[in-house]
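Reading through the structure tokens given below for one structure.
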Amino acid sequence: MEETISYLFTIFQRRLAATPMSFFRYLYRKIDWNDTMIGIKGPKGCGKTTLMLQHIKETFKGKDLNKVLYISLDNLWFSTHDVIDVVEYHYVRGGTHLFIDEIHYYKQWQTLLKNISDNYPGLYVVYTGSSMLQLERSEGDLSRRLTMYEMRGLSLREYLEYEGVMQMPPVSLEQLLSEHVGIAMDVCGKTKILEHFKKYLEVGYYPFYKSVHHGYYQRLQSVANQVIEADYPNVEDVTMPTIRKTKKLLMILAERVPQLPKMNELYKELETDRNQGLKMLYALQRGGLLLLLSDDAKSLDNLSRPEKIYINNPTMMYALSPKVDTGTLRETFFCNQVSQSHEVRYPKAGDFLVDRKYLFEVGGKGKNFDQIKDIPDSFLAVDNTEVGYRNRIPLWMFGLLY
């Protein structure tokens, strides 16, 4: 057993040595690493693995590193070996910390975590998984032991730091609404923000853009395929025909968003029914490929028909859409960045209702208040603008929220 498991330690050490420590994602300092069981879920390519390895590299030095093991369950090694055997081996030899990557590749991942929690007292576990992962109600005892975090792709603020342009702390929404002029003047005094904003929209949401010099959008298409072909069937019991229909659904929507297609016609085109069609739609949302907007936040938990559908983020739009519409791009950026930590709904007037209070209309530099005039707490998010005034806020500034 020792000879076979030594392979896992070799892989772990190799990946740890190659882990950069110059930039940390927004979630890194928010995690309480003292919790005994921590879950980190999020879309593929957002940096979950790097975050976990950075914590190991920063925290465990010298002999303490012998108490740590990192494994990734998408490794072919686990097709012929049992995870529990690895946990047992590590634990009886003084292991105190176990880091499990891609846990959704283990079909009964919740049972695995429960067994580790029950049978290996004192063992700290951190795992990452697909954003599709959900705690089943039947596993309520696990949810009480587990602290779950969700990770998004890079914000514009993080992108500026990642590029070495500038560092600044996140701005709260309330601070942005009241102090945007001063914040914008400070940022624009240090850099040409609109140039960076344009580049961010094209490539900046997924941190791995720096390591892919050619074929970046093809790589993103592969990420989308992997979410549907690997994550989806590993998390839910779906058939190959459903996987094919889900891929077709994504490509149809990539051509038509944000206008909501006539759903009945869409289901007919996919040769499926309403129930199955909505399940595929919500699977794509959980997989980090779509954003679904409703006029009622609860309806999105009940598989109801969304009012509007977007590709999840601008960078994925460029990878999937044959032609990127500027208006759609703006709305997608706003919804993606704001929904990270705020409730976003589809309103009767305007484009977005945030936290059931603030109404936003998104548009170009010449956008006016005609559509939302006389409505309290209404704002314009305007593109191609460095510094705003009063309730006209530059669109790029909504990328400073996390």
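Numbering starts at 1 and runs along the sequence shown.
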If every non-hydrogen atom of [X] is compared with every non-hydrogen atom of [Y], which pair is closest and at what distance?
| X | Y | result |
| --- | --- | --- |
| Pro314 | Leu329 | CB-CD1, 3.6 Å |
| Pro322 | Ala254 | CD-O, 4.5 Å |
| Thr50 | Thr19 | O-CG2, 4.1 Å |
| Gly153 | Glu158 | O-OE1, 3.9 Å |
| Val227 | Leu289 | CG1-CD1, 3.9 Å |
| Arg274 | Arg305 | NH2-N, 4.3 Å |

Supply the atom-to-atom distance [X] [atom1] to [Y] [atom2], rounded to the nearest 0.5 angstrom.
| X | Y | atom1 | atom2 | answer |
| --- | --- | --- | --- | --- |
| Ile228 | Thr242 | CD1 | OG1 | 12.0 Å |
| Tyr358 | Leu353 | OH | CG | 11.0 Å |
| Ser155 | Asn313 | OG | CG | 12.5 Å |
| Ile103 | Ile40 | CD1 | CD1 | 11.5 Å |
| Leu65 | Lys57 | CG | NZ | 10.5 Å |
| Leu177 | His180 | CG | NE2 | 8.0 Å |

Does any non-hydrogen side-chain atom of [Y] lie less than 4.5 Å from one of [X]?
| X | Y | value |
| --- | --- | --- |
| Thr328 | Met317 | yes |
| Tyr127 | Met148 | yes |
| Tyr7 | Asn75 | yes |
| Ile56 | Leu16 | yes |
| Phe352 | Ser339 | no |
| Tyr282 | Leu290 | no |
| Arg330 | Thr326 | yes |
| Tyr120 | His90 | no |

Where the side chain of [X] meets the backbone of [Y], is there a donor-acceptor pair that is under 3.5 Å apart?
| X | Y | answer |
| --- | --- | --- |
| Arg157 | Met168 | yes |
| Tyr91 | Pro121 | yes |
| Gln221 | Leu320 | no |
| Thr191 | Val187 | no |
| Glu386 | Lys192 | no |
| Asp35 | Ile38 | no |
| Lys48 | Gly42 | yes |
| Ser321 | Glu255 | no |
| Ser117 | Leu113 | no |
| Asp355 | Glu343 | yes |

Basic-acidic side-chain contact under 4.0 Å: [X], [Y]:
| X | Y | value |
| --- | --- | --- |
| Lys198 | Glu202 | yes |
| Arg256 | Glu265 | no |
| Glu163 | Lys199 | no |
| Glu229 | Lys247 | yes |
| Glu102 | Lys44 | yes |

Got a sec: does the [atom1] of [X] have more than 12 other heavy atoms crowding it under 6.0 Å?
| X | atom1 | value |
| --- | --- | --- |
| Arg390 | CZ | no |
| Asp237 | CG | no |
| Met185 | CE | no |
| Glu174 | CD | yes |
| Lys373 | NZ | no |
| Phe369 | CZ | yes |
| Lys107 | NZ | yes |
| Lys367 | NZ | yes |

- Could you walk me through whether Phe398 and Phe360 pass side-chain contact (heavy atoms from CB on, under 4.5 Å), step by step? CA-CA 11 Å; Phe398 291 91; Phe360 292 91; 3.6 Å; yes

Which of parallel (below 30°), tilted (30 to 60°) and perpendicular (above 60°) describes [X] and [Y]?
| X | Y | value |
| --- | --- | --- |
| Phe197 | Phe333 | perpendicular |
| Phe24 | Tyr28 | tilted |
| Tyr162 | Tyr209 | perpendicular |

- Evaluation steps, side-chain contact (heavy atoms from CB on, under 4.5 Å), between Ile309 and Leu292: CA-CA 5 Å; Ile309 301 172; Leu292 306 181; 3.9 Å; yes

- Task: Start with the C-alpha gap between Leu123 and Val87, add the side-chain angles, then the distance that decides, and say whether side-chain contact (heavy atoms from CB on, under 4.5 Å) holds.
- Result: CA-CA 10 Å; Leu123 183 64; Val87 178; 3.9 Å; yes

- Task: Report the C-alpha separation of Phe78 and Tyr105 in whole Å, then their side-chain angles, then the decisive distance to 0.1 Å, and conclude whether the ring-ring contact (aromatic ring centres under 6.0 Å, His included) test is met.
- Result: CA-CA 10 Å; Phe78 288 101; Tyr105 277 81; over 10 Å; no

- Message: For the residue pair Tyr402 / Arg152, report whether a side-chain donor-acceptor contact shorter than 3.5 Å exists.
- Response: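 Looking only at side-chain atoms, Tyr402 and Arg152 do not form any donor-acceptor pair under 3.5 Å.
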
- Message: Between Tyr310 and Asn336, is there a side-chain donor-acceptor contact under 3.5 Å, judged purely by atom types and distance?
- Response: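 Per modelled atom types, Asn336 and Tyr310 side chains form no pair under 3.5 Å.
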
- Passes side-chain contact (heavy atoms from CB on, under 4.5 Å), His55 versus Val126? Steps please. CA-CA 11 Å; His55 170 64; Val126 180; 5.6 Å; no

- With Arg219 as the cation and Phe208 as the aromatic partner, state whether NZ or CZ is under 6.0 Å from the six-membered ring centre and within 45° of the axis.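 Here Arg219 passes the 6.0 Å and 45° test against Phe208.
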
